Amino acid sequence: MYSLHAITNSVQNWLNARLSSTWVLIIESLIVIVLAIALFAALGLILVWLERKVAAHMQIRLGPNRLGPAGIFQTSADTLKLILKEGLTPDGADKFLFNFAPFVVMIVAMLLLAPIAFANGFQIWNINIGVLYISAISSLSVIGILIAGWASNNKYSLLGAMRSGAQIVSYELSAGLSILTIVVLTGSLQMTDIVQAQQNGWWIFKGHIPVIIAFIIFIIAATAETNRAPFDLAEAESELTAGFHTEYSGMKFALFFLAEYINIFIVCAIGATLFLGGWMPFHMGNWTQFNHVMDFIPSSIWFFGKTFFLIFLIMWFRWTFPRLRVDQLLNLEWKYLLPVSLFNLLLVTLIAIMNWHF
Amino acid sequence: MFIKEYISEIAKATKSLWTGMKLTGHYFVRPKTVITQQYPDNRDTLKMADRFRGEVTMPHDENNQHACTGCTACELACPNATIKVITKFELTPENKKKKALDTFVYHLDMCTLCGLCVDACPSGAIQMGQNFEHSVYDRSTLTKKLNKPGSKIREGVE
Amino acid sequence: MTNEVIKELVSGPLPSATFDESGEWLTIQIDAAQWKQLATLLYNAPYHFDYLFCLTCVDWKTHFTTVYHLTSTCHRQAIVVKAKVDRNDPQIETVSDIWKTADFHEREVFDLFGVRFINHSDLRRLILTEDFEGYPLRKDFEDPVNMIKL
Amino acid sequence: MYTETQIVNNSDDELVVNVGPQHPATHGVLHLVITLQGETIKKVEPHLGYIHRSIEKMCESLTYRQFIYATSRMDYLSAHINNHACALTVEKGLQIEVPQRAQYIRVIMDELTRIASHELWWGAMAMDLGAFTPFFYAFREREMITEIMEETCGARLTMNYMVPGGVMTDLHPDFQKKVKAFIQLFRSKIDEYDELVTGNIIFQNRMKGVGYLSKEDAISYGCTGAVARASGVSCDIRKLYPYDVYDKVAFDEILETEGDSFARYMIRMREMKESIKMIEQLIDNIPEGDYQAKTKAVLKLPKGDFYTRVETARGELGVYIVSEGATTPYRIKFRSPGFSNLSALDQMARGGKLGDLMATMGTLDLVIPDIDR
């Protein structure tokens with residue numbers, strides 16, 4: 001199987017031959033930081049463009065089509081506009097927290113990037129508690145939103161932030177429980193182990209109906225955790241104008257905007273890793289010929305393909321459904337998702353113990 | 001029984017959500033259903049309806065003649081004082097004084113395009129034009145003189 | 001319920017009311033002071049005019065008349081009540097406790113005509129700003145800036 | 001308006017929030033001051049007048065031919081019906097017999113306007129609930145109606161097609177063909193609306209049992225149109241006091257009894273189908289003849305007062321003209337449906353959540369210029 005180990009190893013060897021180990025670490029870190037930021041920028045531009053195109057075609061429109069072929073440079077132009085805009089801070093706002101909040105949200109999104117395996121042997125940090133790390137860090141982004149809502153000194157922002165708090169705290173539960181099903185099946189918290197465990201088939205195919213249910217619950221919870229419609233109560237355009245980022249403009253708004261899309265990418269990447277095998281190609285039992293063809297497709301394409309499929313699914317939700325009300329949102333979690341996922345976890349544990357899965 | 005209801009409720013909800021997604025998905029994969037009109041690009045093929053009320057115009061024929069007698073019926077019919085008809089007295093060949101149009105002032109910026117002036121005109125001298133691109137940089141250019149310089153009233157129009 | 005019946009029933013308690021049948025509906029003309037009594041009478045059985053579909057005012061330069069269009073959702077009968085209001089000290093009893101729709105309509109009339117509705121719970125300007133001077137729908141209202149005299 | 005001290009001194013953890021005048025859910029410049037306790041609404045107080053142009057005062061200086069155009073700017077979504085009401089009042093005063101052809105044309109135009117208005121309402125209401133896609137589907141069908149209007153009347157929104165005594169010009173030769181094409185298309189598309197919104201479980205949960213208005217309150221608040229009919233009040237002017245050829249068409253008055261937002265929604269959805277039925281009955285039977293009665297150049301209404309009620313897309317519009325025998329009205333009053341419907345908003349929204357307020361407001365179908373005039 002094609003692997004990126006060769007590249008990363010050769011870079012490390014080349015550096016080790018010339019520099020002391022401290023400098024190697026520093027330079028490698030710098031490379032990673034540059035790559036991460038480049039990935040962020042690229043993802044932001046692509047995802048925003050993608051969202052606008054998906055929305056447009058679902059709404060029988062064309063979407064951006066003036067700047068570059070099919071309007072792909074539209075988002076770059078928008079970003080440029082946002083950079084040039086004045087970054088206003090309201091008079092009554094808590095200046096420090098107001099300016100701090102976008103960075104909290106952004107830093108959390110960046111931290112989440114660490115344990116994700118983008119391709120075979122291409123991972124920033126192969127931490128052995130990867131899944132735990134992700135569920136721990138991802139719940140921090142709500143702090144940024146709460147800070148933003150509180151510091152804005154705006155009632156809409158405050159209401160939006162409070163909604164967001166209630167929402168993320170409760171949806172964290174079912175997201176965590178559906179992640180646990182895979183952990184139970186794999187027996188490991190490490191991302192690489194989870195991917196390797198799906199070499200002979202992805203969990204969604206191997207794990208019978210309970211894993212499919214867990215997958216659906218995960219997608220719902222992921223949509224809610226990223227504050228996307230139909231769970232976009234924190235910004236609820238028609239109710240709270242823009243919710244927690246009502247008062248933000250210019251680059252500070254752009255950071256929130258970017259973080260939202262990065263978060264979508266990350267939750268979808270996690271979903272793809274856990275349920276759809278990450279970078280693992282699609283293998284069918286003992287069709288060696290077929291499996292061989294599949295192996296020729298680079299692992300990074302597998303990973304991004306699956307991730308973008310999930311992203312498309314979340315976008316599809318957004319452009320089809322109306323928004324839930326705040327109490328219905330919590331009803332859905334506590335009355336439906338949580339009991340179902342608890343029961344589901346029980347079933348999966350049974351499957352894992354009895355070794356019923358393929 | 002409670003469990004059965006609970007599950008059927010979830011199934012029904014999922015089905016209703018799926019119907020909606022099917023519809024948006026249906027349009028997503030059919031780019032031919034897009035209804036966007038790319039306006040400034042399709043200017044050449046864009047044809048407004050004949051009766052479309054874009055602005056008041058005064059048609060002149062090839063001899064630079066119009067049909068306005070200067071009767072001010074349009075001025076009286078206009079609800080917002082958009083039209084100002086300035087008349088003068090001309091001498092007819094029989095040496096009689098006759099009222100004629102001097103200047104037909106039209107304030108496009110005040111016009112609501114209701115068409116009452118065209119309806120009121122007894123000689124059909126003014127019409128509604130189809131032009132709708134009225135944006136200008138200077139508001140004063142919206143005050144227009146509708147009769148062309150040197151134009152005369154057509155023979156036989158009373 | 002015919003117009004005759006209504007006339008008979010109204011002229012009992014309100015002998016000074018005059019009737020006009022030239023229009024589409026029966027019109028009862030009264031003084032402002034009698035309005036509350038008539039309104040209560042009309043709202044209750046047997047008339048049951050439970051639906052106030054228009055409330056407005058007309059400035060006759062010498063006096064105001066507040067005009068009430070009432071209908072009954074069970075009898076499908078409409079009547080008009082015109083109450084004469086003094087122009088120098090325009091006030092009339094509110095009916096917003098009988099027909100809730102009168103709440104907004106009376107505020108509108110107060111706003112545009114300056115008729116004060118006694119006992120109205122929340123008589124403030126509705127459409128114009130609080131500091132607006134004058135009552136624009138009065139015939140003697142002048143606004144040299146925004147009004148062009150023809 | 002609330003001063004700062006009032007907000008600070010509010011007891012019971014109440015939060016006073018200004019919704020509007022610029023707010024995505026108010027569809028214009030409506031200003032609501034809402035008192036919240038958490039997410040629960042304690043009080044809604046509308047502040048009007050941001051788009052007040054004093055059309056009533058303006059009309060006092062316009063002649064009976066001219067004032068009709070100004071009414072298109074009130075409820076701009078049912079401009080035709082507003083013009084119709086004014087034309088009817090003038091005709092009532094002058095006792096003009098309108099030719100049959102004109103009456104047919106007027107009613108068809110009214111119903112087309114009603115469908116166009118309800119289409120826009122449907123899209124905008126779904127947008128209030130956070131679904132953006134329905135708006136575009138609604139506009140796709142609405143565009144066909146505006147094109148029909150443009151072809152025959154010369155304008156897309158503020159048509160000014162009705163004149164005292166009939167209509168301004170005859171129908172465009174393609175009119176019948178295009179209307180039939182529209183009906184066919186609309187019938188195939190209305191199912192999509194149900195698939196996308198009506199049947200959706202999230203939508204139903206947002207709508208059912210929200211913004212309840214009892215029958216007594218609906219009558220007392222003077223509600224009309226879909227708002228009152230959803231509470232079981234029979235108030236369709238077209239049925240109760242038919243004007244023009246409404247008495248010759250067979251149609252049902254749509255009534256629901258639940259009184260909640262979903263009932264109001266269903267009324268309008270069913271009304272669209274009913275309007276299609278009416279147009280189908282009329283479109284092939286437009287009689288030949290004049291499209292305008294012969295009227296004098298200068299119209300003078302006799303002394304007296306004249307009141308006409310018509311059913312616009314939002315409810316009952318009353319035009320009250322007091323004439324002194326001059327060429328201009330002495331006093332004119334437009335009893336707009338939105339004004340009364342809005343006054344019931346406080347009653348409906350109290351005790352609900354903030355999201356419910358948007359759902360309720362969406363189903364009230366408010367058009368702000370209609371309220372402010």
Side-chain angles (χ1 to χ4, degrees), chain A residues 51-52 54-63 91-92 153-167 220 223-224 227-243 246 315-332 335-336, chain D residues 4 7 14-20 22-27 33-36 38-41 123-141 143 189 192 195-198 200-210 352-359 361-362:
Chain A
E51 167 119 278
R52 293 174 70 170
V54 168
H57 280 278
M58 283 183 178
Q59 297 172 339
I60 47 176
R61 298 185 283 125
L62 280 174
D91 225 14
N153 190 29
N154 179 316
K155 288 166 188 168
Y156 291 135
S157 306
L158 186 64
L159 279 170
M162 292 305 146
R163 283 178 174 192
S164 173
Q167 179 180 337
I220 294 173
T223 318
N227 283 330
R228 297 271 302 177
F231 306 104
D232 60 341
L233 285 145
E235 32 189 291
E237 194 220 340
S238 61
E239 291 159 36
L240 304 175
T241 56
T246 307
M315 285 177 180
W316 195 359
F317 291 154
R318 170 160 182 186
W319 299 109
T320 309
F321 301 140
R323 182 184 307 119
L324 275 85
R325 206 170 59 211
V326 68
D327 54 328
Q328 289 165 353
L329 178 94
L330 299 177
N331 264 352
L332 174 70
K335 285 194 187 159
Y336 295 91
Chain D
E4 204 171 320
I7 297 169
E14 279 177 359
L15 190 66
V16 178
V17 181
N18 284 300
V19 174
Q22 299 292 335
H23 191 277
T26 53
H27 303 295
V33 177
I34 54 177
T35 312
L36 288 175
E39 283 258 350
T40 314
I41 289 170
M125 183 224 49
M127 221 159 171
D128 282 350
L129 296 183
F132 290 87
T133 309
F135 195 72
F136 294 91
Y137 294 174
F139 263 61
R140 177 186 50 190
E141 274 81 66
E143 182 66 20
K189 296 290 183 195
E192 286 186 0
E195 279 172 33
L196 190 60
V197 173
T198 317
N200 190 304
I201 181 83
I202 302 174
F203 176 78
Q204 292 200 352
N205 279 334
R206 284 293 302 272
M207 284 301 207
K208 280 187 178 160
V210 164
K353 297 273 182 293
L354 186 59
D356 291 341
L357 175 71
M358 305 309 159
M361 234 161 50

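Keep in mind that the numbers below use all heavy atoms, side chains included, and drop hydrogens, waters and symmetry copies. If you're wondering where the values come from, they're calculated on a predicted model, not measured in any experiment.
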>> For Asn18(D), which atoms come within 4.5 Å of any heavy atom of chain A: side chain, backbone, both, or neither?
In response: backbone
>> On a heavy-atom basis, which atom in Thr320(A) and which in Ala131(D) lie closest, and how many Å separate them?
In response: O-CB, 4.4 Å
> Distance from Thr241(A) atom OG1 to His23(D) atom NE2, nearest 0.5 Å?
Replying inline: 5.5 Å
>> To check you understand the geometry: which heavy-atom pair defines the closest contact between Lys353(D) and Val326(A), and what is its length?
In response: CD-CG1, 4.3 Å
> Side chain, backbone, both or neither: which part of Asn200(D) has an atom under 4.5 Å from a heavy atom of chain A?
Replying inline: side chain
> Closest heavy-atom contact between Val19(D) and Tyr156(A)?
Replying inline: CA-OH, 3.4 Å
>> For the interface with chain A, which of Thr133(D), Leu354(D), Asp356(D), Asp128(D) has the highest count of heavy-atom pairs at distances below 4.5 Å?
In response: Thr133(D)
>> Please find the pair of heavy atoms, one from Arg325(A) and one from Asn205(D), that lie closest to each other, and give the distance.
In response: NH1-O, 4.1 Å
> Which bit of Val197(D) comes within less than 4.5 Å of chain A, counting heavy atoms only: side chain, backbone, both or neither?
Replying inline: neither
> Salt bridge check: are Glu39(D) and Arg163(A) linked by an N-O gap of less than 4.0 Å?
Replying inline: yes
> Looking at residues at least two apart in the chain, or sitting in another chain, which of them share a side-chain contact (heavy atoms from CB on, under 4.5 Å) with Glu195(D)?
Replying inline: Thr19(B), Leu23(B)
> Tell me, do Lys155(A) and Leu15(D) make a side-chain contact under 4.5 Å, heavy atoms counted?
Replying inline: yes
